[in-house]
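What follows is a short report on a single structure.
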Amino acid sequence: MKIRNVLPVFTLSGLLLITACSETKNDRTTQEENDKLIAQNVASSETIKEKLPTILEFASMDKGFSTLTSAIKVTELAKSLEDKGSFTIFAPVNLAFDKLNPTTVEKLLKPENKEQLKTILSCHIIPSVITKEDIVIAINEGNGSVKLKTIGGALLTATMKGDRVFLIDQMGNGGHLVTTDVKASNGLIHTIDAVMMPKK
């Protein structure tokens, strides 16, 4: 009688052990599948990041930068702003160019004046990524202003007017940063409501 009672107990224990092993295996399989899905999601996120437009592509897609885009394409700066480097551009909107003499803009866009135009555009590009917060911190640490060196060697002076960053070129022209920290695949874009000019 005792042997008969023990056998069902062993049989039941065996079934429970097999079931537990099977569940553990299933849990591992589920975990592996989840890990694969997580890896796929990470890969997808990385792919999305890679698909950010370059600075030039971004400007080309926005009608508000049509004059800037035309100006960039006339010069050799188009190649730089399509590269993988890291830049910060203070991008003048069309209204900024409209403040200039119309004949001046028309003249600058001619192929024979591309070097002069390149010099002007270079006053808007910093060879590193600088956020608005970086500029504000530097202004505060610099007792109210900070110099920003552009790829053309010109110096822009950044100050604050209220809660907005205000840039002044070497000719004394000034403009506010309007939209800031727009991410591109090769840097950041800050829009500005004035065209920065180099020292004559």
- prompt: So, do Leu108 and Ile120 sit near enough that their side-chain heavy atoms are less than 4.5 Å apart?
  reply: yes
- prompt: So do the side chains of Asp169 and Pro198 get within less than 4.5 Å of each other, counting heavy atoms only?
  reply: no
Taking [Y]'s backbone N and O only, do any of them form a donor-acceptor pair with [X]'s side chain (distance below 3.5 Å, no angle check)?
X: Thr69; Y: Ala59; answer: yes
X: His190; Y: Ile130; answer: yes
X: Asn173; Y: Val195; answer: no
X: Asp193; Y: Leu95; answer: no

I need the [X] [atom1] to [Y] [atom2] distance, nearest 0.5 Å.
X: Asn186; Y: Ile55; atom1: CG; atom2: CD1; result: 4.5 Å
X: Thr75; Y: Leu117; atom1: OG1; atom2: CG; result: 6.0 Å
X: Ser60; Y: Leu81; atom1: OG; atom2: CG; result: 10.0 Å
X: Thr157; Y: Met196; atom1: OG1; atom2: CE; result: 10.0 Å
X: Leu121; Y: Thr150; atom1: CG; atom2: OG1; result: 11.0 Å
X: Ile192; Y: His176; atom1: CD1; atom2: NE2; result: 9.5 Å

How about [X]: does its [atom1] atom have over 12 heavy atoms from other parts shown lying under 6.0 Å from it?
X: Lys99; atom1: NZ; value: yes
X: Lys132; atom1: NZ; value: yes
X: Glu112; atom1: CD; value: yes

Measure across [X] and [Y] and return the closest heavy-atom pair with its distance rounded to 0.1 Å.
X: Asn94; Y: Ser66; answer: ND2-OG, 3.0 Å
X: Arg164; Y: Val178; answer: NH2-CG2, 4.2 Å
X: Val105; Y: Phe97; answer: CG2-O, 3.8 Å
X: Ala91; Y: Ile189; answer: CB-CG2, 4.0 Å
X: Lys149; Y: Pro127; answer: O-CD, 3.7 Å
X: Ser86; Y: Val129; answer: CB-CG2, 3.7 Å

Test of understanding: clusters of I, L, V, M, F, W, Y form through side-chain heavy atoms closer than 4.5 Å, transitively. Do [X] and [Y] belong to the same one?
X: Leu177; Y: Met160; answer: yes
X: Phe166; Y: Leu148; answer: no
X: Leu188; Y: Val136; answer: no
X: Leu56; Y: Val74; answer: yes
X: Ile151; Y: Leu167; answer: no

query: So Thr180 and Val165, side-chain contact (heavy atoms from CB on, under 4.5 Å) or not? Walk me through it.
result: CA-CA 10 Å; Thr180 58; Val165 175; over 6 Å; no
- line: Paired with Ile139, the side-chain contact (heavy atoms from CB on, under 4.5 Å) test is passed by just one of Asn143, Ile137, Ile135, namely Ile135
message: Run the ring-ring contact (aromatic ring centres under 6.0 Å, His included) test on Phe90 and His124 for me, step by step, so that the C-alpha distance in whole Å, both residues' side-chain angles and the decisive distance to 0.1 Å come before the verdict.
response: CA-CA 5 Å; Phe90 301 112; His124 299 79; 8.0 Å; no
task: Apply side-chain contact (heavy atoms from CB on, under 4.5 Å) to Ile126 and Phe87, showing your working.
output: CA-CA 6 Å; Ile126 307 291; Phe87 303 96; over 6 Å; no
